[in-house]
Amino acid sequence: SRRSGSVRIESRMTCPVGSPAMFVRSLALGVFGVWLSGATAVPLAAQEDGEADGAATPAALVKVGSPVDETVVGAVENEALKLQRDAEEAGTRAVLVLQITPGSSRFGPVRDLAQFLTSARLSDVRTVAWVPESVDGHNAIVALACEEIVMHPDAELGDLGRGDALERADEAFVVALAEKRHNRFLSAALVRGLADPGVAVLKATLGDGADAEVQTLTADGLKELRDT
């Protein structure tokens, strides 16, 4: 690592992100999935670790096909809102697991789905992205909109522009997703690195000893921090 004043750079991260340990918590759910490409999804019961025997959590696992279009967005919304109603009746949070698949999708429908997943309409639904294989492009944004991301050890998530920087407005939208802190493991700096291959992302330790704090920063963000 390199030390500069009270800021110590631990590592330089490259994108796409290949290590899920940065922002992933494991999820133990005994559920089965259905293919969702404009069809209906089947809600299931799940029991989370530590939950008492017989106490079932409303849950569904939905495999989101590609391309993500208006039909897929509508079907996901219908399933999620049904889980919301089930959760309100059961007095517990439901779990919606979205299996994210690779492919190409237009930004508009992906944006609409991401906005819905982070909205107050799903206040009683915990959203989890399951990424069993590498996903890049706009499809990866759906995962970033979920509260949690669970990845296969060999999977990578990122390169939102597939070698190019996202358009400025599209990048601003994805950064705003991170700034909502819907997923507490996701930072605006990390998203900027995923959205623009020219942006370096650094993991830095600020301060020393018990007061030390680890942050993920862009190179520009680190420079601003040093200048303050």
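Note that these values count all heavy atoms, side chains included, but never hydrogens, waters or copies made by symmetry. We count residues from 1, following the sequence as given. This one's a predicted model, so the numbers in the text were calculated from it and none came from an experiment.
- Taking Arg162 as the reference, Asp136 meet the salt bridge (charged side-chain N to carboxylate O under 4.0 Å, His left out) condition, with sequence neighbours excluded.
- Between atom CG of residue Leu81 and atom CG of residue Leu122 there is a gap of 6.0 Å, rounded to the nearest 0.5 Å.
- Nearest approach of Ala60 to Glu79, heavy atoms of both residues: CB-OE2, 3.2 Å.
- Pairs of residues two or more places apart, or lying in two chains, that qualify as side-chain hydrogen bond (donor to acceptor under 3.5 Å, both in side chains) and include a residue from residues 163-180 are Thr118-Lys180.
- Side chains of Val125 and Val95 form no contact here, defined as non-hydrogen atoms less than 4.5 Å apart.
- Considering CG of Asn78 and NZ of Lys82, their distance stands at 11.0 Å, rounded to 0.5 Å.
- In this structure, Ser105 OG and Arg111 CZ are separated by 13.0 Å, a value rounded to the nearest 0.5 Å.
- Atom-to-atom distance recorded for Cys146:SG and Leu117:CG is 5.5 Å, nearest 0.5 angstrom.
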Identify all side-chain donor-acceptor contacts of residues 186-199 below 3.5 Å with residues at least two apart in sequence or on another chain.
residue : atom : partner : partner atom : Å
Ser187  : OG   : Leu190  : N            : 3.1
Asp196  : OD1  : Gly198  : N            : 2.9

Could you walk me through whether Ile141 and Phe107 pass the side-chain contact (heavy atoms from CB on, under 4.5 Å) check?
-> CA-CA 9 Å; Ile141 297 172; Phe107 185 81; 3.7 Å; yes
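- Using a 4.5 Å cut-off on side-chain heavy atoms (C-beta onward), Ser104 and His138 make no contact.
- Residues forming a salt bridge (charged side-chain N to carboxylate O under 4.0 Å, His left out) with Glu70 (at least two apart in sequence, or on another chain): Arg106.
- If you take CG on Asp86 and OG1 on Thr57, they are separated by 11.5 Å, rounding to the nearest 0.5 Å.
- Partners of Pro102 by side chain to side chain contact (heavy atoms under 4.5 Å, CB included), not counting sequence neighbours, listed by chain and number: Glu133, Val135.
- Of all non-hydrogen atoms in Val73 and Pro109, the two that sit nearest each other are CG2-O, 3.4 Å.
- Of the candidates Leu98, Val64, Val131, Thr127, Leu98 is the only one forming a side chain to side chain contact (heavy atoms under 4.5 Å, CB included) with Val142.
- Partners of Glu147 according to the salt bridge (charged side-chain N to carboxylate O under 4.0 Å, His left out) rule, which considers only residues two or more places apart in sequence or in another chain, are Arg93.
- The structure places CG of Leu96 at 11.0 Å from CZ of Arg126, a figure rounded to the nearest 0.5 Å.
- Inter-residue side-chain proximity for Leu144 and Asn183 is flagged as unmet; no heavy-atom pair is nearer than 4.5 Å.
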side-chain contact (heavy atoms from CB on, under 4.5 Å) evaluation trace for Trp130 with Val62 | CA-CA 10 Å; Trp130 161 232; Val62 176; over 6 Å; no
